[in-house]
Amino acid sequence: MDDYTVLNPGLANRLKGMSWFARLKEGLSKTRGTLAKTVPWAARPEEALEDLEFALIAADVGVEATQEILEEVKASGKANLRQALKEALVLHLEPDARRAKLRKLGFKPDARKSAVELQGKVILVVGVNGAGKTTTIAKLGQYFQSQGKKVMFCAGDTFRAAGGAQLGLWGERLGIPVLQAAEGADPAALAFDAAQARRARAFDLLIVDTAGRLHTKHNLMEELSKVKRSIGKADPGEPAEVWLVIDAVTGQNGLEQAKKFNQAVTLTGTVVTKLDGSAKGGVLVPIVRELGVPIRFIGVGEKAEDLQPFDAGEFVEALLD
Ligand SMILES: Nc1nc2c(ncn2[C@@H]2O[C@H](COP(=O)(O)OP(=O)(O)OP(=O)(O)O)[C@@H](O)[C@H]2O)c(=O)[nH]1
Ligand SMILES: [Mg+2]
């Protein structure tokens, strides 16, 4: 299937041949602007610390991480500020200590590949309203399909009729079966049926959508735990993956939400969307720090190929290039 024609036929020609790195760079241009405004790249690292602090805070890297990064830049002994910052940032974006160590030693781990190594066969996707869950699921479906996996969707947003219909439409376009229920149906019962259907039909992957919800609504967070439990009843050990979709535009404000979701359903990964619309892409640092789970994919636009597996080295390279 042609990536370009499925999600946005109109842009097909302009984008053909544009590499992911170029898209990523373009998508990060607002955050790059935030940094470029303040950081005197030509200065020696120890002379630039104050400006660097200001820039990192402005990019939503967070106070604690900023202090540590400044220390690391200072201690690196590097004469090149950009290089020192790149190295410090990568280590903060890499929660996997083993991979971080390999990077330090100069070995290039295949981070993008390991970002998509799934622990099981069901991914539950959660997040606040409008974060990008449903479109992310469509993109993930297309991604894993392109990796040769047989994918199913569960339209678990039964809160709005349009929620189920939206995923149903993606499924039709992508040739991915979608389990849907009537508006107002119990999402836990639907997720149970979907998990059972995946097993019965021996599909490689089931991705379960959920209705957007505010982290402060206790009953809705409880409903989410119930969805998770009922998947486990239909298919013990699943969902092995629970991913939170976070909109980068919300910056650090999204962190409180993220922690509440983590408490309710124990996340195994995050997907950060809309980096193209945010000048605060530094928020990836506190996201990794506070949740302690890896970023699996990042989104820099609305097209299918704008969502790709996350690699800290590549991200930092695109950000500070
Ligand atoms: N610019 C940009 N837009 C995005 C990105 N990811 C998603 N969107 C857009 O964000 C909007 C909301 O996406 P949805 O997938 O409907 O969000 P949702 O989380 O499912 O929303 P609810 O189901 O209402 O909670 C859509 O217009 C998407 O195209 C991204 O990386 N960049
Ligand atoms: Mg949705």
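Since the structure is predicted, the reported quantities are computational estimates derived from the model, not experimental observations. As the structure lists them, so they are numbered: ligands from 1, and atoms in each ligand from 1.
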Item to check | With Trp20, the side chain to side chain donor-acceptor pair (under 3.5 Å) member among Glu314, Gln308, Glu305 | outcome: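 Testing each of Glu314, Gln308, Glu305 against Trp20, the sole residue satisfying side chain to side chain donor-acceptor pair (under 3.5 Å) is Glu314.
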Do the side chains of [X] and [Y] get close enough for a salt bridge, i.e. N-O under 4.0 angstrom?
X	Y	result
Asp235	Lys121	no
Lys139	Asp306	no
Glu68	Arg289	yes

Checklist entry - Is ligand 1 under 4.0 Å from a heavy atom in the side chain of Asp276, in the backbone, in both, or in neither? => result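 For Asp276, the contact with ligand 1 is made by the side chain alone.
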Can you list the atoms of ligand 1 that are under 4.0 Å from a heavy atom of [X]?
X	answer
Val300	31 (O)
Ala131	19 (O)
Gly212	25 (O)
Asp157	23 (O)
Gly299	31 (O)

Item to check | Heteroatom test (N, O or S) for Thr135 near the Mg ion (ligand 2), limit 2.8 Å | outcome: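 Under 2.8 Å: Thr135 has no N, O or S contact with the Mg ion (ligand 2).
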Next on the checklist: How far is atom 23 (O) of ligand 1 from the closest protein heavy atom, and which atom is that?
Outcome noted: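 The closest heavy atom on the protein side is Arg160 NH2, 3.4 Å.
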Next on the checklist: Suppose we measure from atom 18 (P) of ligand 1 to each protein heavy atom; which comes out shortest, and what is that distance?
Outcome noted: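 The closest one turns out to be Lys133 N, 3.4 Å.
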Next on the checklist: I'd like the name of whichever of Lys274, Lys139, Glu302, Gln166 reaches closest to atom 16 (O) of ligand 1 through any heavy atom.
Outcome noted: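 Nearest heavy atom to atom 16 (O) of ligand 1 lies in Gln166.
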Item to check | Stepwise side-chain hydrogen bond (donor to acceptor under 3.5 Å, both in side chains) check, Glu241 with Thr268 | outcome: CA-CA 6 Å; Glu241 300 284 0; Thr268 64; 2.7 Å; yes
Checklist entry - Hey, mind stepping through Lys78 and Glu87 against salt bridge (charged side-chain N to carboxylate O under 4.0 Å, His left out) and telling me if it holds? => result CA-CA 10 Å; Lys78 289 220 152 48; Glu87 286 174 20; 3.0 Å; yes
Checklist entry - Cluster question for you: counting only ILVMFWY and a side-chain heavy-atom cut-off of under 4.5 Å, with indirect links fine, are Phe192 and Phe153 together? => result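 Not linked; separate clusters.
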Item to check | Hydrophobic cluster identity match, Leu307 and Ile246, side-chain contacts under 4.5 Å | outcome: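 No, because Leu307 and Ile246 fall into different hydrophobic clusters, even though each may have its own neighbours under 4.5 Å.
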Next on the checklist: With a 6.0 Å cut-off (strictly less than), is the heavy-atom count around CZ of Phe159, excluding the residue itself, greater than 12?
Outcome noted: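 No - once you tally the heavy atoms of other residues, nucleotides and ligands closer than 6.0 Å, there are 12 at most.
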Quick check: [X] and ligand 1, any N/O pair under 3.5 Å apart?
X	result
Gly130	yes
Ala211	no
Thr135	yes

